[in-house]
Participant: 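Got a structure here, written out as structure tokens. Questions coming.
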Amino acid sequence: MHRVYIVIALLFLAAAAFAATPQREILIVAGEHASPAIVAAADALAKELPPVLAALQATQGVTGVERVTSERVLKDYNLAAFNHLVVIGLPSDPLMKKVWEHYAAVDEGAKTLYAQGWGYLQGDLGYLEADRNPFLHSRRIKEAPFETVLFKISGTSEAGVLAALTAFKTGLFNGIVPAGAWKRPKTTILDLDPQPAPSPLQLADAVAFNDAKGAAVRAPLAGWSQVPGNEYRAYIDVAGAEPTGVWRYKYLLPGALDHAQTPGWMAGFHRMAYGNAVTIAAFATPDAAQKTAEAIGTTGGWHKLKPLAGLPCWQANQPTDENMALPLGTITLTWKGPYLLMTSLPNEAVPELLQGLVAK
């Protein structure tokens, strides 16, 4: 009988400990031994809301913003898994080491960075990368009940980290930001210079529409990603012209991260996650943009729509794979001047989006 009471007590304590762990807060994280400048920058970020964090708080049920250390997060798995993480620091930071992905490699001593789609760079460089939270998708969590996200703000040096953080505050969450002069120690066939400036074609700060149930929805613009060189190559392959710049902007629909697995990932911030996004490709001339849009629109799976906001449009279903038996939505394609646009926003939001396009 005593054993039964002991088991019940242990279960109660475990449940209480889990319930005490904050869930879906935004945690601003830097290591205890980070430089004073990085610690101060992390402290300051916890007191303000850059676009993507403001969008998270407005639409995803975020319960608060807290400044914590890498060491604390590493000691509390539930804290790490069930909250959104903004990890700031050099690649040698203990938490940054844990969450580092295969998309980039940094040598702090040599101040070099290799990233897929950009190639080899050397200098004071900031690096930003966003994805779903890996702690929530491990064998320790049987099934993720929702999605939490991870933002990594790093670089080849302290100056690079601070440059990346400045860019994060203005809306960038995937890409490379020089903090001064840089060079290429060697070349590859997919070299692309960092492009830290946003698109000259401005998008609306939010789109409002009625969802499938007739409820009014407002989706704020969360920010944008630099697009790697392999996607530039795809435009050349389809129509022969290389863009001068490609950007992927992300709108965040209310409750989008309540869905785990593929729908939640698609709604999130990975540079290839195209759910509720707008991809903008700038070309040297309007003719090049038109030719490329028409070449894409006449391939298999696309069909011509009536003009929307006075612009020619094509549409196709979003791709399916082994994780998606049915399309999650559509992709609408158009062009305006030297810009080609593809958006996966719900159809009801597209006319307002196109109507609000403004070129600087």
Side-chain angles (χ1 to χ4, degrees), residues 28-30 34-35 37-42 44-45 48-54 85-93 96 99-101 103-131 149-185 188 190-200 202 221-232 243-250 269-272 279-280 282 360:
I28 309 298
V29 191
S35 71
I38 290 176
V39 169
L45 186 67
E48 55 187 283
L49 287 176
V52 68
L53 302 187
L85 305 178
V86 182
V87 184
I88 305 166
L90 290 163
S92 54
D93 174 273
M96 193 71 78
V99 299
W100 198 263
E101 275 277 8
Y103 294 103
V106 169
D107 183 328
E108 293 178 38
K111 288 189 180 181
T112 58
L113 181 152
Y114 170 78
Q116 293 179 351
W118 285 273
Y120 293 91
L121 309 172
Q122 185 173 37
D124 291 311
L125 298 156
Y127 179 72
L128 300 102
E129 184 181 307
D131 202 354
V149 296
L150 166 70
F151 299 100
K152 286 171 276 189
I153 302 173
S154 191
T156 61
S157 64
E158 177 190 279
V161 174
L162 297 177
L165 187 55
T166 297
F168 183 72
K169 291 178 180 179
T170 62
L172 179 66
F173 45 74
N174 283 294
I176 299 172
V177 182
W182 58 274
K183 61 182 180 180
R184 290 193 183 277
T188 76
L190 281 177
D191 288 345
L192 181 69
D193 290 354
Q195 194 167 35
S199 165
Q202 294 180 305
L221 182 62
W224 61 282
S225 299
Q226 294 175 23
V227 172
N230 51 296
E231 292 198 32
Y232 285 64
T244 58
V246 185
W247 303 262
R248 181 164 295 118
Y249 284 82
K250 177 70 69 166
F269 304 104
H270 189 281
R271 74 186 196 197
M272 292 187 291
T279 298
I280 300 172
K360 292 180 183 177

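None of the values given here were measured: they were computed from a predicted structure.
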Participant: For Ala37, check side chain to side chain contact (heavy atoms under 4.5 Å, CB included) against everything at least two apart and list the hits.
Facilitator: Ser35, Glu158, Leu162
Participant: Show the nearest heavy-atom pair for residues Ser154 and Ala164, with the distance to one decimal.
Facilitator: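 Looking at all heavy atoms of both residues, the shortest contact is O-CB, 3.7 Å.
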Participant: Between Trp224 and Ser199, is any pair of side-chain heavy atoms under 4.5 Å apart?
Facilitator: no
Participant: Which pair of heavy atoms, one from Gly89 and one from Met96, lies closest together, and at what distance?
Facilitator: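 Looking at all heavy atoms of both residues, the shortest contact is O-CE, 3.3 Å.
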Participant: If I take atom CH2 from residue Trp247 and atom CD from residue Gln226, how far apart are they, to the nearest 0.5 angstrom?
Facilitator: 10.0 Å
Participant: Does Thr279 have any side chain to side chain contact (heavy atoms under 4.5 Å, CB included) partners at least two apart in sequence or in another chain, and if so, which?
Facilitator: Tyr235, Val246, Arg248
Participant: With sequence neighbours excluded, what pairs up with Asp107 under the salt bridge (Lys or Arg N to Asp or Glu O under 4.0 Å) test?
Facilitator: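 For Asp107, no residue satisfies salt bridge (Lys or Arg N to Asp or Glu O under 4.0 Å) once neighbours in sequence are set aside.
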Participant: Kindly compute the distance separating OH (Tyr120) from NZ (Lys183), expressed to the nearest 0.5 Å.
Facilitator: 16.0 Å
Participant: When you look at Leu128 and Arg271, which way does the side-chain contact (heavy atoms from CB on, under 4.5 Å) test go after all the steps?
Facilitator: CA-CA 10 Å; Leu128 300 102; Arg271 74 186 196 197; over 6 Å; no
Participant: Closest approach of Leu121 and Pro194, non-hydrogen atoms and distance?
Facilitator: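 Closest heavy-atom pair between Leu121 and Pro194: CD1-CG, 3.9 Å.
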Participant: Drop me the distance from Ile88's CD1 to Ile153's CD1, to the nearest 0.5 angstrom.
Facilitator: 4.5 Å
Participant: If the condition is ring pair (Phe, Tyr, Trp, His ring centres under 6.0 Å), which residues does Trp100 pass it with, not counting sequence neighbours?
Facilitator: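 So Trp100 forms a ring pair (Phe, Tyr, Trp, His ring centres under 6.0 Å) with Tyr127.
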Participant: When rounded to the nearest 0.5 angstrom, what distance separates CG in Leu90 from CD1 in Ile38?
Facilitator: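 Atom-to-atom, Leu90:CG and Ile38:CD1 are 4.5 Å apart.
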Participant: Would you say the side-chain atoms of Tyr103 pair up with the backbone N or O of Glu129, donor to acceptor, closer than 3.5 Å?
Facilitator: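 A pair under 3.5 Å: no.
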Participant: Could you pull out the closest heavy-atom pair between Ile28 and Ala42, with the gap in Å?
Facilitator: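 Heavy-atom minimum between the residues: CG2-O, 3.5 Å.
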Participant: How long is the straight-line distance from CD1 of Ile280 back to CD of Gln202, given to the nearest 0.5 Å?
Facilitator: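 Reported value, rounded in 0.5 Å steps: 10.0 Å.
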Participant: What heavy-atom pair brings Gly155 and Val161 nearest, and what distance separates the two atoms?
Facilitator: N-CG2, 3.7 Å
Participant: Name all residues meeting the side chain to side chain donor-acceptor pair (under 3.5 Å) criterion together with Gln116; count only those two or more places apart in sequence or in a different chain, and write none if there are none.
Facilitator: none
Participant: For Phe173 versus Lys250, what's the shortest heavy-atom pair and its separation?
Facilitator: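 Answer, listing the atom of Phe173 first, then Lys250: CZ-CB, 4.0 Å.
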Participant: With sequence neighbours excluded, tell me which residues meet side chain to side chain contact (heavy atoms under 4.5 Å, CB included) with Thr156.
Facilitator: Val106, Lys111, Leu113, Leu125
Participant: Please enumerate all residues that pass side chain to side chain donor-acceptor pair (under 3.5 Å) together with Tyr232, with sequence neighbours excluded.
Facilitator: Gln195
Participant: Give a yes or no on whether the backbone of Gly175 and the side-chain of Trp118 come within a donor-acceptor separation of less than 3.5 Å.
Facilitator: no
Participant: With sequence neighbours left out, what residues match Ala163 under side chain to side chain contact (heavy atoms under 4.5 Å, CB included)?
Facilitator: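 Counting only residues at least two positions away or on another chain, Ala163 forms a side chain to side chain contact (heavy atoms under 4.5 Å, CB included) with Val177, Ala179.
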Participant: Could you list the residues that satisfy side chain to side chain donor-acceptor pair (under 3.5 Å) with Asp191, not counting sequence neighbours?
Facilitator: Thr188
Participant: State the CD-CG distance between Glu231 and Leu190, to the nearest 0.5 angstrom.
Facilitator: 11.5 Å
Participant: Quick one: list whatever passes side chain to side chain donor-acceptor pair (under 3.5 Å) with Thr244, sequence neighbours left out.
Facilitator: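 Thr244 satisfies side chain to side chain donor-acceptor pair (under 3.5 Å) with no residue once adjacent residues are dropped.
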Participant: Considering only residues two or more places apart or on different chains, which pairs with a residue in residues 160-179 satisfy side chain to side chain donor-acceptor pair (under 3.5 Å)?
Facilitator: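 The answer is Asn174-Ser225.
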Participant: Sequence neighbours left out, what passes ring pair (Phe, Tyr, Trp, His ring centres under 6.0 Å) with Phe151? Give chain and number order.
Facilitator: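 Checked Phe151 against ring pair (Phe, Tyr, Trp, His ring centres under 6.0 Å); matches are Phe168, Phe269.
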